[in-house]
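Nothing here was measured: the structure is a model prediction, and the numbers come from that model.
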Amino acid sequence: MALRIWKRLLLAPVVAFAALVGFAAAPAQAAIWSSSDQWGNYTTSDGYTLYNNIWGSGTGPQTIWANSSSNWGVWANHPNTGGIKSYPNAKKVIGKPLNSLSSLRSSYNVTVPSSGAYNTSYDIWDSNYDYEIMLWVNYRGAVGPLGTAQGSVTLGGHSWNVYKGSNGANEVFSFLRTSNSTSGTVDVLPILKWIKDTKGWWGNVTVGDVQFGYEITSSSGGLDFATNSFSVSGN
């Protein structure tokens, strides 16, 4: 979304080591980092960056915590109103032209609440932030993709319903998994090449951020989202 992009571009990643105590439910072990700041962020030694990323309007408190780049989570208490409130996420920057990549894969394992309104999704960008590719692996409540339906496709080991639209700042291609999943591996490269070669919706862009997190619309009363494991690999 445009506001999220603008705020992220204004803020350079900062390595933050001070734990900021908020309203979060405690993780299973003492977190190496946590933050309740709106734009709290932390870069790990293996090159991932975690963002609290509270970017919508009418938000409540939210705290992100991390034991590592692959084990992190968030507690959020956003009111039961419309509109996306936040997208806490972990990201890995690829920084390679699409045609030069021989592989790009990611694995995830999450525990998500049985109430609220949210999606668990990848948010993949080109290096200029002209194009946004969202891969929704699970979702619940009053949430929906931007744009119009483009049919269904099976790619990267999953079946998706595809939508295409624009938020006024960039093109958005959304892939919604046809059934909810809390763990799996996504072969991302065939999806990106399908957009380029089969649909012609973009050219040989440089792949930038591969983000993974929780796009939260409501989590009234306080809900926990946990990333039990997560990784991105590309070459």
Side-chain angles (χ1 to χ4, degrees), residues 1-5 7-8 22-25 27 36 38-40 50-65 72-91 106 108-124 132-153 156 158-168 170 172-184 186 191 211-230:
M1 299 300 175
L3 181 58
R4 185 180 72 219
I5 300 164
K7 290 294 187 182
R8 189 182 60 250
F23 298 92
S36 300
Q38 181 178 11
W39 308 114
L50 293 135
Y51 286 103
N52 205 26
N53 196 23
I54 307 169
W55 66 270
S57 60
T59 63
Q62 176 177 297
T63 299
I64 189 172
W65 56 265
W72 61 276
V74 65
W75 176 92
N77 185 6
H78 298 301
N80 186 21
T81 55
I84 300 165
K85 307 302 191 302
S86 66
Y87 179 61
N89 69 87
K91 82 168 184 180
S106 180
Y108 62 92
N109 183 298
V110 300
T111 301
V112 291
S114 58
S115 60
Y118 61 86
N119 66 68
T120 303
S121 57
Y122 289 90
D123 208 6
I124 302 167
E132 178 181 12
I133 299 90
M134 297 201 75
L135 310 177
W136 293 25
V137 297
N138 64 62
Y139 47 97
R140 78 168 315 278
V143 297
L146 187 68
T148 57
Q150 304 291 314
S152 300
V153 66
H158 304 262
S159 295
W160 315 90
N161 294 319
V162 183
Y163 296 79
K164 180 178 182 289
S166 172
N167 61 25
N170 53 269
V172 183
F173 312 128
S174 299
F175 293 71
L176 277 62
R177 200 175 188 277
T178 55
S179 62
N180 281 339
S181 167
T182 55
S183 64
V186 182
I191 298 172
Q211 304 172 4
F212 179 80
Y214 309 96
E215 197 170 52
I216 305 171
T217 293
S218 68
S219 54
S220 182
L223 298 176
D224 287 296
F225 302 78
T227 304
N228 305 311
S229 63
F230 165 66

Look only at the side chain of [X] and the backbone of [Y], and say whether a donor-acceptor pair between them is shorter than 3.5 Å.
{"X": "Ser219", "Y": "Ala76", "value": "yes"}
{"X": "Gln38", "Y": "Ile54", "value": "yes"}
{"X": "Asp224", "Y": "Trp75", "value": "no"}

Under the criterion side chain to side chain contact (heavy atoms under 4.5 Å, CB included), I'd like the reasoning laid out for Val110 against Phe230: C-alpha separation, chi angles, the key distance, then a yes or no.
CA-CA 9 Å; Val110 300; Phe230 165 66; over 6 Å; no
How long is the gap from [atom1] on [X] to [atom2] on [Y], to the nearest 0.5 Å?
{"X": "Leu50", "Y": "Trp72", "atom1": "CG", "atom2": "CH2", "result": "6.5 Å"}
{"X": "Thr120", "Y": "Phe225", "atom1": "OG1", "atom2": "CZ", "result": "7.0 Å"}
{"X": "Ile84", "Y": "Ile216", "atom1": "CD1", "atom2": "CD1", "result": "10.5 Å"}
{"X": "Ser229", "Y": "Asn109", "atom1": "OG", "atom2": "CG", "result": "4.5 Å"}
{"X": "Ser166", "Y": "Leu146", "atom1": "OG", "atom2": "CG", "result": "7.0 Å"}

Provide the closest heavy-atom pair for [X] versus [Y] in the form atom of the first, atom of the second, distance.
{"X": "Asn77", "Y": "Gly222", "result": "OD1-N, 3.3 Å"}
{"X": "Tyr163", "Y": "Gly147", "result": "CD2-O, 4.2 Å"}
{"X": "Val143", "Y": "Arg140", "result": "CG2-O, 3.6 Å"}
{"X": "His158", "Y": "Tyr108", "result": "CE1-OH, 3.9 Å"}
{"X": "Ala142", "Y": "Ala117", "result": "N-CB, 3.8 Å"}
{"X": "Asn180", "Y": "Asn138", "result": "OD1-CA, 3.1 Å"}

Distance-only side-chain donor-acceptor flag, [X] / [Y], under 3.5 Å:
{"X": "Glu215", "Y": "Thr217", "value": "no"}
{"X": "Tyr139", "Y": "Ser121", "value": "no"}
{"X": "Ser86", "Y": "Tyr214", "value": "no"}

Would a 4.5 Å heavy-atom cut-off, applied to side chains only, mark Ser183 and Asn228 as touching?
no
Quick one: does Ile191's side chain get under 4.5 Å of Ile124's, heavy atoms only?
no
Evaluate the criterion side chain to side chain contact (heavy atoms under 4.5 Å, CB included) for residue pair Asn53 and Trp39; output intermediate values, then yes/no.
CA-CA 5 Å; Asn53 196 23; Trp39 308 114; 3.3 Å; yes
Can Glu132 and Asn167 be said to form a side chain to side chain contact (heavy atoms under 4.5 Å, CB included), step by step?
CA-CA 10 Å; Glu132 178 181 12; Asn167 61 25; 4.0 Å; yes
Applying side chain to side chain contact (heavy atoms under 4.5 Å, CB included) to Thr182 and Thr111, what does each step give before you reach the verdict?
CA-CA 7 Å; Thr182 55; Thr111 301; over 6 Å; no
Residue from Phe212, Phe173, Tyr87, Phe175 passing ring pair (Phe, Tyr, Trp, His ring centres under 6.0 Å) with Tyr122:
Phe212
Kindly write out the residues that satisfy side-chain hydrogen bond (donor to acceptor under 3.5 Å, both in side chains) with Asn52, not counting sequence neighbours, or none if the list is empty.
Gln62
